[in-house]
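Side chains are part of it too, since the values below use all heavy atoms of this structure and drop only hydrogens, waters and symmetry mates.
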Amino acid sequence: MNVYKLCYWKRGVHSLHSHPHSHSPSFSLPAPIPQWPQGQGFATGKINLGEIEVCQVTNFEFIWGCKLTSDSKSGISFYKPCIVPNGYFILGYYCQSNRKPIRGFVLAAREAVTRRKEDSCSNNPDYIPALIKPLSYSLVWCIDERREDDLNGGVYIWLPQPPDGYKSLGYIVTNKLEMPNIEEVRCVRADLTDNCETHHQILKIVPTNLQLPLEVWSTRPCLRGMYEKGVAVGTFFCRSDCNSGETIACLRNLNFNLHAMPDLSQVHALIKQYGPTVFFHPSEVYMPSSVSWFFQNGALLYRKNDSHSEHIDNEGSNLPSGETNDGEYWIDLPNDARRETVMRGNLASAKLYVHVKPALGGTFTDIVMWVFCPFNGPGILKFEFMNVSLGKIGQHVGDWEHFTLRISNFTGELWSIYLSQHSGGRWVEATDLEFIEGNKAIIYSSKYGHACFHHPGTYLQGSSKIGIGIRNDAAQSDYYVESNNQYVIVAAEYLGDGAVTEPDWLQYMREWGPKITYNSKIELDKIINRLPSKYRNSLKNVFAKFPNELSGEEGPTGPKEKNNWIGDERC
């Protein structure tokens, strides 16, 4: 059926220029991926999701690109997946910004071999195929640059129209006004899919001449975490006035054995290959330590309404375990001459505490590395060329920060790293990382606060627009931890009971520092009143946006009490 709506821009689009030959080069990690230890289904190139089997396609054929300005890196490019294994079908095309080298994937799918054999042998009349061709396509958006009597020219974005009971998982992009062949792509039975959401915006065009707008987004499953089943397909979402009510789906892993996750020997190999080096600031005072060093050197356990404290044994076996953070217990520094020494940590003893868990329906592995520091130092305020110490504001006993390596279970390739930054954080793609040796990235821990960054510099927690905020200074130094050998695996639930012995202290769900509340307004007013009057109103507005952690001193809860222990990262 060759019926479709024409939703497009004619030639002469202002500020948008076809860019057919300058798409980005491809990206690869600095060193080749090694041969992983033999296991079950990890890094075999394909993953069984139940009724369908998928593979990751990373080879692309350039279809069309554009730039928004004279800078060729300001636009986007669309790609067709190519070199697809025999028997697999693509689910949609790929799109990315021109600012980065090509580094992405889309999934191709086929019906699981066992399912095909069963149905071919039984001639099951109730058989409903997992994959099916679309009925047709709707034209979502285009730039029409055809010359007279010529179908070629411009770009045309098509959404597959699935039969009832099926979902589309991506778009097709062509450079001709001719409906794509229905053999080009497959739709997936609805019960094998999950809901997805838009994530990073790749492109937004808001025309000024009443022509059709366009937004292009990357997608991800709506529900994410180590027990969720949504699988990212790698396709993009396109929104215009023509398809404002239409959506696409992602896949759902209905194979509950998670056969593509790495076994313990493979996890160790992955950490050896990718474990980052964490650099602390050359002026850092409050270094990390191991948890056992912290306990051995006098850390104390307190209970509410009890003036007495209890020494914590080396493994934390006398800490209360389980339950939730009810404020009944907290940990504090020693109350003797060792207090100052313990505040400063002990870099030589420091360990990365590793939690390994499934991500994106078991198609990726998250290796979460937790760093413990006995003390978080005070904040430093920056505005213009001045720096002002915030005194006790921002400091607290106990500090847990982390970063997460996300690794493809199709190949064992490092895909991205999540960097925690106080109460939030961000994902950084491998294309943006600095590498120190082979495939080992560099992570910079900020001075006093220990937030994680992927480049050195000064990062403001506040308003970068007006140059006012709390400083996060990150730089390379002689103080560092090599996570590829200074680590302990503390949890990997998917491996089953007994595979990894969780330490006693990991079950402690209360706070790793005392809570000390003070009137932050009074403290901040003291600072503001010391400054020139022209800065005071701006500073008051910035201070109003600071997180609650700057309103007093309160130790954090441990890793297992964080919502990203089970869930996805906060980004």
Side-chain angles (χ1 to χ4, degrees), residues 39-57 88-89 91-92 105-115 128-132 162 165-170 186-199 218-235 237 247-263 267 355-368 404-412 415-416 418 427 491-496 499 563-571:
Q40 193 174 15
F42 176 72
T44 61
K46 57 188 179 182
I47 296 178
N48 184 292
L49 303 181
E51 290 193 37
I52 63 174
E53 182 180 87
V54 292
C55 66
Q56 199 176 57
V57 180
Y88 287 84
F89 299 95
L91 305 172
F105 72 90
V106 294
L107 297 186
R110 69 178 180 182
E111 294 206 23
V113 174
T114 53
R115 175 66 187 268
I128 303 175
L131 304 173
I132 200 166
Y166 290 81
K167 295 285 185 72
S168 297
L169 278 72
R186 289 295 184 270
C187 303
V188 179
R189 208 173 67 227
D191 61 305
L192 306 180
T193 69
D194 216 335
N195 293 329
C196 73
E197 65 183 18
T198 57
H199 188 206
S218 65
T219 62
R220 64 182 183 180
C222 291
L223 299 178
R224 299 174 308 283
M226 70 179 185
Y227 296 124
E228 302 296 344
K229 301 301 180 181
V231 173
V233 179
T235 54
F237 175 73
T247 61
I248 59 174
C250 63
L251 290 171
R252 181 174 178 82
N253 188 354
L254 298 177
N255 189 342
F256 296 103
N257 68 10
L258 295 177
H259 71 101
M261 290 293 294
D263 62 25
V267 170
H355 178 209
V356 191
K357 61 179 183 175
L360 301 176
T363 56
F364 284 79
T365 294
D366 277 0
I367 297 179
V368 189
T404 299
L405 313 182
R406 179 156 288 178
I407 293 167
S408 168
N409 288 346
F410 292 95
T411 61
W415 209 256
S416 56
Y418 179 84
W427 282 105
E493 293 90 342
Y494 72 93
L495 290 175
N563 57 13
N564 55 328
W565 181 269
I566 291 176
D568 198 13
E569 301 292 357
R570 302 167 185 169
C571 181

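- Rounding to the nearest 0.5 Å places OH of Tyr166 at 6.0 Å from CD1 of Ile128.
- Residue Lys229 holds its NZ atom at 6.0 Å from CZ of Phe256, rounded to the nearest 0.5 Å.
- Thr411 and Gln56 share no side-chain donor-acceptor pair at under 3.5 Å.
- A distance of 9.5 Å separates CD1 in Ile566 from CG in Asn563, rounded to the nearest 0.5 Å.
- Listed by chain and number, the residues in a side-chain contact (heavy atoms from CB on, under 4.5 Å) with Asp194 are Cys250, Arg252 (sequence neighbours excluded).
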Could you walk me through whether Phe410 and Leu107 pass side-chain contact (heavy atoms from CB on, under 4.5 Å), step by step? CA-CA 10 Å; Phe410 292 95; Leu107 297 186; 3.7 Å; yes
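- Put simply, the side chain of Thr235 gets close to the backbone of Leu169: a donor and an acceptor are under 3.5 Å apart.
- The heavy-atom pair separating Met226 from Trp565 by the smallest distance is SD-O, 4.0 Å.
- Checking side-chain atoms of Thr365 against main-chain N and O of Val356 turns up no donor-acceptor pair under 3.5 Å.
- Of all the heavy atoms in Lys357 and Gly567, the pair that sits closest is NZ-O, 2.8 Å.
- Without hydrogens or angle criteria, Tyr494 side chain to Pro262 main chain gives a donor-acceptor distance under 3.5 Å.
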How far apart are the C-alpha atoms of Gln40 and Asp263, what are their side-chain angles, what is the distance that settles it, and do they pass the side-chain contact (heavy atoms from CB on, under 4.5 Å) test? CA-CA 8 Å; Gln40 193 174 15; Asp263 62 25; over 6 Å; no
Give the C-alpha distance, both sets of side-chain angles, the deciding distance and a yes or no for salt bridge (Lys or Arg N to Asp or Glu O under 4.0 Å) between Arg189 and Glu111. CA-CA 11 Å; Arg189 208 173 67 227; Glu111 294 206 23; over 6 Å; no
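- At a threshold of 4.5 Å between non-hydrogen side-chain atoms, the residues Ile132 and Pro162 do not count as touching.
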Can you check side-chain contact (heavy atoms from CB on, under 4.5 Å) on Leu251 and Leu91, steps first, answer last? CA-CA 10 Å; Leu251 290 171; Leu91 305 172; 4.1 Å; yes
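- Rounded to the nearest 0.5 Å, atoms CG (Leu49) and OG1 (Thr363) are 8.0 Å apart.
- Going from atom CZ of Arg406 over to atom CD1 of Ile367 covers 12.0 Å, rounded to the nearest 0.5 Å.
- At least one side-chain heavy atom of Tyr88 sits less than 4.5 Å from a side-chain heavy atom of Glu53.
- Judged by distance alone, the side chain of Asp366 and the main-chain N or O of Val368 form no donor-acceptor pair under 3.5 Å.
- Counting only distance, with no hydrogens or angles, the side chain of Asn253 and the backbone of Val231 share no donor-acceptor pair below 3.5 Å.
- Between the side chain of Asp568 and the backbone N or O of Arg224, no donor-acceptor pair lies under 3.5 Å.
- Nearest heavy-atom pair across Cys55 and Gly45 is CB-O, 3.4 Å.
- When all heavy atoms are compared, the tightest approach of Trp427 to Ser416 is CE3-OG, 3.4 Å.
- Between the CG atom in Asn48 and the CG atom in Asn257 there is a gap of 8.0 Å [rounded to 0.5 Å].
- In terms of heavy-atom proximity, Ile248 sits nearest to Cys196 at O-SG, 3.3 Å.
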Using the rule given for side-chain contact (heavy atoms from CB on, under 4.5 Å), can you reason through Arg186 versus Arg110, listing the C-alpha separation, both sets of side-chain angles and the distance that settles it, and then say yes or no? CA-CA 9 Å; Arg186 289 295 184 270; Arg110 69 178 180 182; over 6 Å; no
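- Residue Lys167 comes nearest to Ala249 through the heavy atom pair CB-CB, 4.0 Å, listed as atom of the first residue, atom of the second, then distance.
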